[in-house]
Amino acid sequence: MKNNGKDVVLRLEKITKSFGGLMALNGVDLSVEQGQIVGLIGPNGAGKTTLFNVVTSLYKPDKGDVYLAGKKITGKPSHQLCHLGISRTFQLVKTFLSLTAFKNVLIGAIYGHGMRGRQAREEALEALRLVGLADKKEVVTAHMTLSDRRLLEVARALAAKPLITLVDEPMAGLNPSEIINMLKVIKRARNERNVAILWVEHKVDAIFRLCDRVAVLDYGRKIAEGKPEEIAQNKKVIEAYLGKPPP
Amino acid sequence: MTTFPSASVFFQVLINGVLLGCMYGVAAIGLSLIFGTMRIIFLAQGAVMILAAYCIYWMATLSPINPFFGFLLILPVFLGLGWIMYKGLFQKVAKAGANPSLLLAFGLMVLLEHVMSLIWSPTTRSVITSTSTSSLTLGSINISVTRLIVAAVALMATALVFLFLKKTMLGKAVRAASEDMSAAALLGISPTYVSAVTFAIGIALAGVAGVAACITYPFDPFFGFLFSLKALIAVAFGGLGSVGGPLVGGVMLGVLESMSAYTFSAGWADAVAYAAFLLILILRPEGMLGRRSIEKV
Amino acid sequence: MLQEPLKRKTHLSIALALVFFFVIYPLLVDAEASYLVFLFYTAFMYVTLSQGWNIAAGYAGQVSLGQHAFFGIGCYVTAITWRAGTAGYLDPLAMLMSGAGAAVVAIVVGLPLLAKLRGDYFALGTLGLGEILRVAALNGGSFTEGAAGISIPSDVYQSIKPYYFIALLISVLTMLSLWFIAHSRIGLALVAIREDETAASANGIPILRYKILAFTLGAFVTGLCGSLNAYFVFHIDTTGAFNLNWVIMPILMVILGGVGTFVGPVLGVFSLIAAFELIRLLTPQLHPIFSGAFIILVTLFLPDGIMSYLTGHKNRLLHKLSPFKWLALNK
Amino acid sequence: MMKKTTKIVFLLTCLFFLSSLFFTMQQARAKDKKEILIGTHMPLSGLGAFTGEEQKWAYEQAVADINKAGGIYVKEYGKKLPVRLYEIDDESNPTKAAAAVERLIKRVKVDLILSGQVGAMGVLPGMITAEKYHKYYHGAVIWVPQFLQQHFKYCTMYFMDPGQGAAMVFEVWNSLPEKDHPKRPALFLEDTFDGKTIGNVMESLAPKFGYKFVLRLTMPMGAKDFTSQILKAKGAKVDGIFCMSNVPEAVTLVRQMKENRFSVKAFQGFKGTWPSNFYKSLGKDADYILCDGFWSIDYPYKGAKELGERFYKDFGRYSTNVGMYYAVAQILWQAIEKAGTLDDLKVRQAVLDNKFETVNGPADYDERGIALFPLGDNQWLNGKRRNIYPFDLAKYKIMVIPPWDKR
């Protein structure tokens, strides 16, 4: 499937998901093209992480489907999705604490992509280099800083050689200089790997600086989508974030 | 297979199951509380129960005090014992995680069992009360008075634990801590204090369960372990961490056991209970009253 | 990094020297009259049982309290085939069948349990499995001979040596396979599952498959031990075969040595057996009391197990994350 | 980081543990015999602990008594040798019982082994282990078929005669007035080999005495509730009970019978109803219940009365067991003297070849190594067991149990 001459990597069609009475996602459509960075923003509880979890099959959507490179993948087990080309990071960092940084990334290379032996090791090193952790590869993750662990997660996700990587608030809890570093890493990842990135973020300015396109969720609905500069001007978005201006 | 010849037999079996289940429930409440804070299967629970039973046995043989008084006496004594146990043994080890605590509990169980066997000899003992074998008759149904008392104790213990957790400041702290120890610490609650309190209450409840057991059954130093195994199943049946869970789970287990013993065969009753337990676990992994937790990522 | 090959070499030579010692020891002494030979035989058995538990619980984080079920299956498969005459005395085929029987049950039961249950619930579920099998064997009619148990005449017994060497062989093979697993991609996956199932799955690890693999492997070696035990005791009944001892002791030994470590459980086995023997020797009448006190003292002063004491780094996080982490994180 | 010294201390302790193992091994059997070392293993903890206590007492009395007489004359050494008893607790666990016998033979290096307890839980694994190392195991408390299955060459057994025991129950029931014979008796059996064995014998012998059991109910070990079984029996109009179980189960059964207003004319208990704690646990409710006895203080055999009184002095209660254990030891002492050696096979042969007088009556082993003794029957009344069988020795006659509401 082509869209403006580029391949559409991930396409969501009318995703709906509710917990009990709460509608967390309501008919969300979204598509991401190859090599594109798409930002996903919205106030707290807008359903951003839920959307990620639907894409990676942690939750099963009530309605709607997920397509990867044109193939329907709704409800396939997480580990198969990783083989097919979706990798992700987590909002609450989930590194394998008792393993070294290198082994963390090696897991991505071996199990995410199915590489073996030397090839897997080289890929892991390469991914570590990309995020700038090459010199810390023998450090046990439990002893790493939050910022390093976030970078490590990105490296692990990239080592799986995905078509698309889902990054979930990679800047949460980082200080300004660490944020700048993370921005560089994400940019580098896209440029070097030509990988599509779907990015949930709280820090709107970071998103606007880097994304090709931004989608905005509010109360489970997509209220806007477009280029960053368009979104920054969008009335609905400003309302969602700041509340309705007094009449 | 035996079918029920009449409705009254059915109700008789049902009521007996419920009363037996209350017995399991009483033992399960303490187990569930300790589990809530320490995240371990407290293996020594059965031994602590029997320790209380021997205290009552001693009291009943050496003094004219009515064994039912034991419920009141055991509570403060075992509250203190639990406090000492936590401060002296578990506090240090709890920091190192669940595994060493489990090991410690096992060591405590072995030690207690054999010390009791040394002091009171391993012969079967029992406490005779004024209600030991009396029963109420409703139509053609007989209800054991002792078991009725145990059921009342089970209800009261559950209610008290519920009130403690929901209404008192300390109880709220315990709940906060059992949800998230580190978050509770941030709120200014000392985790060790909360753990010590919960553990002490758990031990006190084990003591109460011991009193309930000794007025109902003959016991020996090694009787507790198998009993607490059933209590454990009751806890899981009801749902780990819920207040009413142990009692509900215990009653379910008791009814299941006595129903299968009547209709099927007493020899298979245990297996039927365990199989139902496995089935429920698989269908409803969070237990009957447990909340289905949504994983945060 | 640079030291590693050297370290590995010393470790290997220590291991080889130990195995060599154990191989020649019964040849140097009067094996039939030596109590130590019997004690070593018991220790080898516990090494296998401990590592059988350790692989699922320590490495993959799936705490099983149902190892006695697998041990019992091993005992019964051997006893039944032996009685029927399809297998002979110390028959390798019967032993493999016993292990396989335990493994099959592990797969059949493990599939629903491991797919649905986590942490403590899985532990309780496996405990239930052991009890169900015990009752089933008790009511098994002429197939298991119920409470009477299956008796095989003991007059075929010649010497303790074959038992000793088979137990040694099984434990060495178990250690070897554990080593290869721990140092392969499988080991990586198991540890990842223990540390974080969600992340492991998101990184492409088929977690159910690996959990079952670890659980089944543990069941297989436990079944082998059960089989050897059946040949050793000549009488199999429910009390002996499905005894909770077969699950409690190995767990104690692994915790004492160090959960999720390779050498720890071996140290745990030998020090616990040695300590219990010593206590028995010093106080024959009171030994259970002292054994209980010993366990309490060890946990008070060595809460992280012998292994972490020796290697010096106490990895607290490892403990927090091991078996019971699930509820703590998800309440 | 760990302090180096503590680490070294720790390693040294480990080394000490291990080396101590080696040192303890080196107890060679002295050429110059100073004593006869008898090993035994008993359930002093765990499920069978209540029987282990009396066994331990009886063995220790037997040893003290023979040593008071100067020991046993062993011809091979040309002198009287005192007896020393080495006891191990097998924790009522078959695996530990087998390990206990390994320890007795290999580390303690005992001369001969006196029986453990409770059939498959202790005696059978003990015998099998002794057989492996060709050590004589002077056994008791095991059923004949289990004993025979193993074709033992180094073991013997001494136990009650199940056929006679079953016949005794029916004879006792038949001694009631005709109208009070249980017409619809039921079997309450624990799910162990004991329950199964005796249940089968009872069922097969019943027609010979004009009885037929209308129900055969299982009482699982450690079960807490027998109401379902009681309701079934009530439904089947059961009026007589034969119950084989341990004490806690028997106590619970009787309590729940009363709670459910279920009366029978005769209640014969085996195993679970004889201990004095059965009566202590039930009080007056235990009255009229029948219990078997391996032995009785009232037996007219030499030493029986004196032994029973000695037990009463130590424990403040009477035993229906200690005489049997004492007799086991008595037989072994006599056999050693007759054999004139401590050689395992020769002592065993002496056990087989001779007739023995004991506090439990005469004992005569057959060529398979089996000696059976008859069972007695007693009825509880006011805290005392009144001996009612064998009829020729008994001072009392059986009484019918009055219904619960008429007591």
Side-chain angles (χ1 to χ4, degrees), chain B residues 35-36 39-41 43 88-89 92-115 117-118 178-181 225 229 232-233 235-236 240-241 265 267-275 277-278 281-283 285-287 291 293-297, chain C residues 65 109 112-113 115-118 120-125 127-129 131-136 138-139 198-199 202 244 248 251-252 254-256 259 286-300 302-305 314 316 318-325 327-331:
Chain B
F35 184 88
R39 304 278 163 217
I40 62 154
I41 295 162
L43 286 170
L89 297 175
K92 189 179 168 206
V93 176
K95 280 187 211 130
N99 281 332
S101 305
L102 183 74
L103 190 63
L104 186 63
F106 178 78
L108 196 64
M109 176 183 94
V110 175
L111 186 73
L112 276 179
E113 277 182 356
H114 288 91
V115 168
S117 149
L118 195 73
S178 75
E179 307 246 324
D180 186 345
M181 202 49 111
F225 180 69
L229 221 55
L232 205 62
I233 303 290
V235 173
L240 296 179
S265 154
W268 283 96
D270 269 5
V272 171
Y274 283 118
F277 160 68
L278 276 189
L281 270 189
I282 289 167
L283 296 179
E286 66 284 353
R291 277 163 303 163
S293 58
I294 294 165
E295 199 170 3
K296 280 205 187 93
V297 287
Chain C
L65 293 179
V109 179
L113 285 186
K116 291 278 189 173
L117 306 180
R118 292 201 199 172
D120 305 286
Y121 287 101
F122 174 70
L124 291 174
L127 182 66
L129 167 70
E131 294 304 299
I132 291 173
L133 285 177
R134 188 185 62 80
V135 176
L138 203 55
N139 292 286
T198 314
L244 279 171
I248 290 174
I251 293 180
L252 283 184
V254 177
I255 295 179
L256 181 64
V259 179
L286 297 177
H287 77 86
I289 293 181
F290 283 96
S291 303
F294 171 78
I295 293 173
I296 292 176
L297 288 177
V298 165
T299 34
L300 279 181
L302 270 180
D304 295 276
K314 291 189 182 179
R316 282 277 153 70
L318 200 69
H319 272 290
K320 248 187 234 157
L321 286 165
S322 58
F324 300 97
K325 68 164 193 205
L327 268 159
L329 291 181
N330 286 293
K331 274 300 297 186

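By convention in this document, chain letters (A, B, ...) are assigned in the order of the sequence lines, proteins followed by strands, and residues within each chain are numbered from 1.
The greatest number of non-hydrogen atom pairs below 4.5 Å with chain C, out of Leu232(B), Leu43(B), Leu278(B), Ile233(B), is found for Leu278(B). Per-residue heavy-atom pair counts under 4.5 Å with chain C were compared for Ala273(B), Gly107(B), Ser265(B), and the maximum is reached by Gly107(B).
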- Message: Run Ile296(C) and Leu104(B) through side-chain contact (heavy atoms from CB on, under 4.5 Å) and show every step you take.
- Response: CA-CA 5 Å; Ile296(C) 292 176; Leu104(B) 186 63; 3.7 Å; yes
- Item | Stepwise side-chain contact (heavy atoms from CB on, under 4.5 Å) check, Val135(C) with Val272(B) | CA-CA 9 Å; Val135(C) 176; Val272(B) 171; over 6 Å; no
- Message: Determine whether Phe106(B) and Ile251(C) satisfy the following criterion, side-chain contact (heavy atoms from CB on, under 4.5 Å), listing intermediate values before the conclusion.
- Response: CA-CA 11 Å; Phe106(B) 178 78; Ile251(C) 293 180; over 6 Å; no
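Only the side chain of Leu118(B) comes within contact range of chain C, judged by heavy atoms closer than 4.5 Å. Ala136(C) touches chain B through backbone and side chain together, each having a heavy atom under 4.5 Å away. With a threshold of 4.5 angstrom between heavy atoms, Leu297(C) does not approach chain B through any atom at all. In this structure, the portion of Leu229(B) lying under 4.5 Å from any heavy atom of chain C is its side chain and not its backbone. With a 4.5 angstrom heavy-atom cutoff, Ile282(B) touches chain C via backbone and side-chain atoms both. Only the side chain of Leu65(C) comes within contact range of chain B, judged by heavy atoms closer than 4.5 Å.
Enclosure of atom CZ in Phe225(B) by more than 12 non-hydrogen atoms of other residues, nucleotides or ligands within 6.0 angstrom is indicated. Counting heavy atoms of neighbouring residues, nucleotides and ligands inside a 6.0 Å radius, atom NZ of Lys116(C) does not exceed 12 of them.
For Asp270(B) against Arg134(C), the heavy-atom pair with the smallest separation is OD2-NH2, 4.3 Å. The heavy-atom pair separating His114(B) from Ile289(C) by the smallest distance is CB-CG1, 3.5 Å.
Of the listed residues (Ile132(C), Leu138(C), Asn139(C)), just one forms a side chain to side chain contact (heavy atoms under 4.5 Å, CB included) with Trp268(B), and that residue is Asn139(C).
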